[in-house]
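First the structure, which I've put down as structure tokens, then a few questions once you've had a look.
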Amino acid sequence: MLYFPMLHPVTLLISWFAFALALQWMPVAWLITFSLLCLVTAAVVAAERTFNLLRRSRWLFLSLAVLYFLATPGEYVSGFIGDMGISYEGLHLATEQIARLLAMLTSLALLHQVVGTSGLLGGFHWLLSPFPWREATVVRLMLVLEYVEQRRPVRWQGWLMPDGQGEGPKAETLTLSLPGFQWRDRVILMVVCGILLMVIRS
């Protein structure tokens, strides 16, 4: 975990949400640039988390590639690639979706590395405060993160069982504490919202 005493975990979490939302309106050139930038930064700062997250998402990347390559109508690419049914439009859409997913996953690994598991859980707990089911959601998220970090196998049925009956890890006590918001957090959130509005309107 990296230590950034100047920023609140909720500030970083909201900033990541805004970044993930802004990716939906970015052109392909920007998506490729940001995805490569996030990938290189995450590989340096959070190598293990990034590798684990991308390895577990490999089938999702492959599914996106196959779906857009082979199921997008348009002008076929010249050569044997076109003979396989791949169009220029399919290449464009596949590149766009894969770059967007890569940017989201690598930036999420960076976020997790910066705030740590406790900061991530505390941030979600704070953001979900209006909802009565926030406790169960945060506990489930904690169990998922614990399994991902420790890389222990579990069958999917274990997550659907009530606590104490499934094969998943048993949560005993979860204590979350967050620092108070500072003026710099409010400034950063206003800047993030302003940039997001600019990206959406452009």
| message | Taking side-chain hydrogen bond (donor to acceptor under 3.5 Å, both in side chains) as the definition, give me every residue that meets it alongside S107, ordered by chain and number, with sequence neighbours left out. | response | W16
| Other hydrophobic cluster members with W30, side-chain heavy atoms of Ile/Leu/Val/Met/Phe/Trp/Tyr under 4.5 Å, chained? | F19, L23, M26, L31, F34, M104
| query | Measuring from H8:NE2 to R184:CZ, what's the distance to the nearest 0.5 Å? | reply | 12.0 Å
| request: Applying side chain to side chain contact (heavy atoms under 4.5 Å, CB included), run through N52 and R55 and close with a yes or a no. | output: CA-CA 5 Å; N52 290 335; R55 181 174 60 83; 3.9 Å; yes
| Partner set under ring-ring contact (aromatic ring centres under 6.0 Å, His included) for F124, not counting sequence neighbours | none
| Partner residues of Y68 under the ring-ring contact (aromatic ring centres under 6.0 Å, His included) criterion, sequence neighbours left out | none
| message | Please say yes or no: joined through hydrophobic side-chain contacts below 4.5 Å, possibly via intermediate residues, are W59 and F51 part of one cluster? | response | no
| Are I195 and L37 connected, step by step, through hydrophobic side chains (Ile, Leu, Val, Met, Phe, Trp, Tyr) whose heavy atoms are closer than 4.5 Å? | no
| query | Of the non-hydrogen atoms in A109 and T50, which two are nearest, and what is the gap between them? | reply | CB-OG1, 3.6 Å
| Residue list, side-chain hydrogen bond (donor to acceptor under 3.5 Å, both in side chains) with T72, at least two apart or on another chain | none
| query | Who are the side-chain contact (heavy atoms from CB on, under 4.5 Å) partners of L189, not counting sequence neighbours? | reply | T11, I14, F181
| request: Could you tell me which non-hydrogen atom of I188 sits nearest to which non-hydrogen atom of S15, and how far apart they are? | output: CG2-OG, 4.3 Å
| said: Please list all pairs meeting salt bridge (charged side-chain N to carboxylate O under 4.0 Å, His left out) that have one or both residues in residues 90-112, counting only residues at least two apart or in different chains. | reply: E96-R100
| query | What's the shortest heavy-atom distance between L53 and L105, and which atoms? | reply | CD2-O, 3.2 Å
| field | Listed partners of L102 passing side-chain contact (heavy atoms from CB on, under 4.5 Å), at least two apart | value | S35, L39, L54, F61, T106
| query | Heavy atoms, side chains only, cut-off 4.5 Å: are L13 and V115 in contact? | reply | no
| message | What I'd like to find out is whether the side chain of F17 reaches to under 4.5 Å of the side chain of L127, using heavy atoms alone. | response | yes
| query | To the nearest 0.5 Å, how far apart are OG1 in T137 and CZ in F131? | reply | 9.5 Å
| field | CG on D185 to CG on L12, rounded to 0.5 Å | value | 8.0 Å
| remark: Residue set satisfying side-chain contact (heavy atoms from CB on, under 4.5 Å) with A71, at least two apart, ordered chain then number -> L67
| Any idea which heavy atoms bring P73 and E89 closest together, and the distance? | O-CB, 3.8 Å
| Heavy-atom closest pair, residues V192 and A18 | CG1-CB, 3.4 Å
| request: Sequence neighbours left out, what passes side-chain contact (heavy atoms from CB on, under 4.5 Å) with T33? Give chain and number order. | output: none
| said: How about OH on Y88, more than 12 heavy atoms from neighbouring residues, nucleotides or ligands closer than 6.0 Å, or not? | reply: yes
| field | Interatomic distance, L111 atom CG to L108 atom CG [nearest 0.5 angstrom] | value | 6.0 Å
| Where the side chain of S87 meets the backbone of G90, is there a donor-acceptor pair that is under 3.5 Å apart? | yes
| field | Members besides I32 in its Ile/Leu/Val/Met/Phe/Trp/Tyr cluster (side-chain heavy atoms under 4.5 Å) | value | V28, L36
| request: Following the transitive rule for hydrophobic clusters with a side-chain heavy-atom cut-off under 4.5 Å over Ile, Leu, Val, Met, Phe, Trp and Tyr, establish whether V66 and L91 coincide in one cluster. | output: yes
